[in-house]
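So you know, we letter chains A, B, ... as the sequences are listed, proteins then strands, and number each from 1. Heavy-atom basis, side chains included; hydrogens, waters and symmetry copies ignored. Computed from a predicted structure; not experimentally measured.
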2 protein chains.
Amino acid sequence: MAEKQRSYSISELASEFDVTTRSIRFYEDQGLLHPTRRGQTRIYSRQDRVRMKLILRGKRLGFSLAEIRDLFSLWDETPSGSQKQLNLLMEIIHQKRAELDQQLKDIAMVQLELDNAERRCRDALDELRTQKQKAS
Amino acid sequence: MAEKQRSYSISELASEFDVTTRSIRFYEDQGLLHPTRRGQTRIYSRQDRVRMKLILRGKRLGFSLAEIRDLFSLWDETPSGSQKQLNLLMEIIHQKRAELDQQLKDIAMVQLELDNAERRCRDALDELRTQKQKAS
DNA sequence: TTTCCGCTTTACGTTAACGTAAACTTCCTC
DNA sequence: GAGGAAGTTTACGTTAACGTAAAGCGGAAA
């Protein structure tokens with residue numbers, strides 16, 4: 001059962017996710033990615049690719065790279081710390097969950113406002129059409 | 001029927017929303033707020049207060065101040081433009097709605113990951129407790 | 001061999017969203 | 001009328017997240 005260890009070059013990842021290579025190297029600099037090397041050249045694994053997805057997802061939610069890095073250590077740190085550490089982790093998890101809940105509420109509100117704006121916009125368009133009708 | 005036109009000072013708003021006065025003046029600079037003046041001093045209306053809420057909500061969703069300003073003009077521009085303008089507005093509205101939908105998906109994914117992390121964390125805590133039990 | 005392509009490092013530049021400090025008015029109050 | 005509290009303008013500083021340019025390395029193709 002040979003593992004199909006597909007790997008990626010930096011420009012492959014860049015074009016797939018539509019970011020620059022500069023960004024990808026920057027993420028590594030910030031401790032978000034840890035590609036291996038063949039000589040000087042960076043080699044990205046499937047795991048790194050998954051990381052990229054997660055990074056971009058975090059960014060779309062307005063998280064900073066530092067926060068995303070913290071979430072990563074939450075994620076892959078096999079929880080083997082002291083009880084104090086573990087409780088701290090639980091704390092952070094609940095904190096993040098609260099942020100997401102707030103965002104859900106915010107999104108709902110903005111959606112309502114968009115509904116409203118769209119309705120008024122549609123009304124204005126209808127108004128224009130009926131005026132055109134009268135003119136003909 | 002005297003309108004109860006409550007007004008606010010800059011520091012009142014600042015403490016209520018837990019931002020600095022510098023930020024509030026900056027938002028004005030960027031065209032997000034338009035307080036009236038008594039002499040030099042800024043006077044904020046209830047409408048301005050509502051604006052503040054919307055600004056912070058937008059920020060929590062990761063919008064830039066420029067985007068928020070655009071949403072504002074979407075919002076209070078009585079849709080009285082040309083048909084071309086109105087169609088453009090509809091376009092922008094749908095664009096923003098798509099962004100929000102994407103965020104909803106992203107939030108759902110991150111929530112799953114948090115669930116996962118919390119479970120592993122809880123398991124590790126249980127593990128610690130049972131070990132303590134054995135030791136006693 | 002040269003030349004080009006993709007990758008690398010190094011390093012300075014840029015934008016957004018404020019922070020922070022200085023110097024000044026206004027109004028109250030002691 | 002001296003001081004303090006709260007407001008103002010002006011302006012330079014700061015951080016995050018890259019952009020951009022310069023200079024160099026290694027392989028392959030002409």
Side-chain angles (χ1 to χ4, degrees), chain A residues 6-45 48-49 51-73 96 99 102-103 106, chain B residues 6-45 48-49 51-73 96 99 102-103 106:
Chain A
R6 170 91 151 96
S7 70
Y8 308 84
S9 76
I10 193 169
S11 50
E12 274 177 320
L13 280 192
S15 71
E16 171 173 3
F17 292 108
D18 197 34
V19 300
T20 66
T21 59
R22 173 67 172 97
S23 297
I24 297 182
R25 293 199 193 94
F26 184 73
Y27 297 153
E28 178 179 357
D29 220 59
Q30 302 302 303
L32 297 172
L33 293 174
H34 309 284
T36 61
R37 302 257 178 161
R38 179 160 50 214
Q40 284 269 77
T41 306
R42 277 165 255 250
I43 308 288
Y44 296 89
S45 67
D48 293 320
R49 212 189 80 127
R51 284 276 176 126
M52 272 301 295
K53 273 192 203 176
L54 295 176
I55 291 172
L56 299 181
R57 179 176 297 151
K59 293 199 61 182
R60 284 195 302 268
L61 293 179
F63 290 172
S64 73
L65 296 185
E67 287 176 312
I68 295 173
R69 184 185 47 208
D70 292 353
L71 285 175
F72 279 174
S73 47
K96 288 293 170 190
E99 284 180 37
Q102 180 60 53
Q103 288 202 6
D106 289 333
Chain B
R6 170 90 151 96
S7 69
Y8 308 84
S9 77
I10 192 169
S11 51
E12 275 178 319
L13 280 192
S15 71
E16 171 172 5
F17 291 107
D18 196 34
V19 299
T20 66
T21 59
R22 173 67 171 97
S23 297
I24 298 183
R25 293 198 193 95
F26 184 74
Y27 297 153
E28 178 179 356
D29 220 59
Q30 302 301 305
L32 296 173
L33 293 174
H34 309 284
T36 60
R37 301 257 177 160
R38 179 160 50 213
Q40 285 269 77
T41 306
R42 277 164 254 249
I43 307 289
Y44 296 90
S45 67
D48 292 320
R49 212 189 79 128
R51 285 276 175 126
M52 273 300 295
K53 273 192 204 177
L54 296 177
I55 291 172
L56 298 181
R57 178 176 299 151
K59 292 200 63 183
R60 284 195 302 268
L61 294 179
F63 290 172
S64 72
L65 296 184
E67 286 176 311
I68 295 174
R69 184 185 45 210
D70 292 353
L71 285 175
F72 280 174
S73 47
K96 287 294 170 188
E99 284 180 38
Q102 180 59 54
Q103 288 203 4
D106 289 334

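The CZ atom of B:R38 sits 15 Å away from the C1' atom of D:dT8 (whole-angstrom rounding). One interatomic measurement links the two molecules: OH of A:Y44 to C1' of C:dC7, which rounds to 11 Å at whole-angstrom precision. Counting to the nearest Å, the C1' atom of C:dT26 and the CD1 atom of B:I43 are 13 Å from each other. When rounded to the nearest whole Å, the span between NZ of A:K59 and P of C:dA16 equals 15 Å. Look at CD on B:Q40: it is 13 Å from P on D:dG7, rounded to the nearest Å. Residue A:L13 contributes atom CG, which lies 11 Å from atom P of C:dC7 at whole-angstrom precision. Atom-to-atom, CG of A:L56 to P of D:dA17 comes out at 13 Å; the value is rounded to the nearest Å.
Looking at heavy-atom distances under 4.0 Å, B:R37 makes contact with sugar-phosphate atoms alone, never a base.
B:L61 and A:Q103 make their closest contact through CD2-O, 3.9 Å (heavy atoms, listed as atom of the first residue, atom of the second, distance). Across all non-hydrogen atoms, the minimal contact from B:F63 to B:E67 is CA-OE1, 3.4 Å. Looking at every heavy atom in both residues, B:Y44 comes nearest to B:S9 through CD1-C, 4.0 Å.
For the OP1/OP2 pair of D:dA6 and a distance below 4.0 Å, the side-chain nitrogens and oxygens of B:S9 include no atom meeting the criterion.
Identified under the salt bridge (charged side-chain N to carboxylate O under 4.0 Å, His left out) test for residues 17-27 of chain A, with sequence neighbours left out: none.
Remark: the backbone N or O of A:S23 is paired with a side-chain donor or acceptor of A:T20 at under 3.5 angstrom. Between the side chain of A:Q30 and the backbone N or O of A:L65 there is no donor-acceptor pair closer than 3.5 Å.
For A:L65, whose side chain is taken as the heavy atoms from C-beta onward, the closest listed nucleotide among D:dT9, D:dC18, D:dG7 is D:dC18. When distances are taken from the side chain of B:S11 to each of C:dC7, D:dT8, D:dG7, the shortest belongs to D:dG7. Listed nucleotides: C:dC7, D:dT8, D:dA17. Nearest to the side chain of A:T41: C:dC7.
For the residue pair B:D48/B:S45, the side-chain donor-acceptor check at 3.5 Å is satisfied.
For residues 20-36 of chain A, proximity to DNA chain D is found at A:T20, A:R22, A:S23, A:F26, A:Y27, defined as any non-hydrogen atom under 4.0 angstrom from a strand atom.
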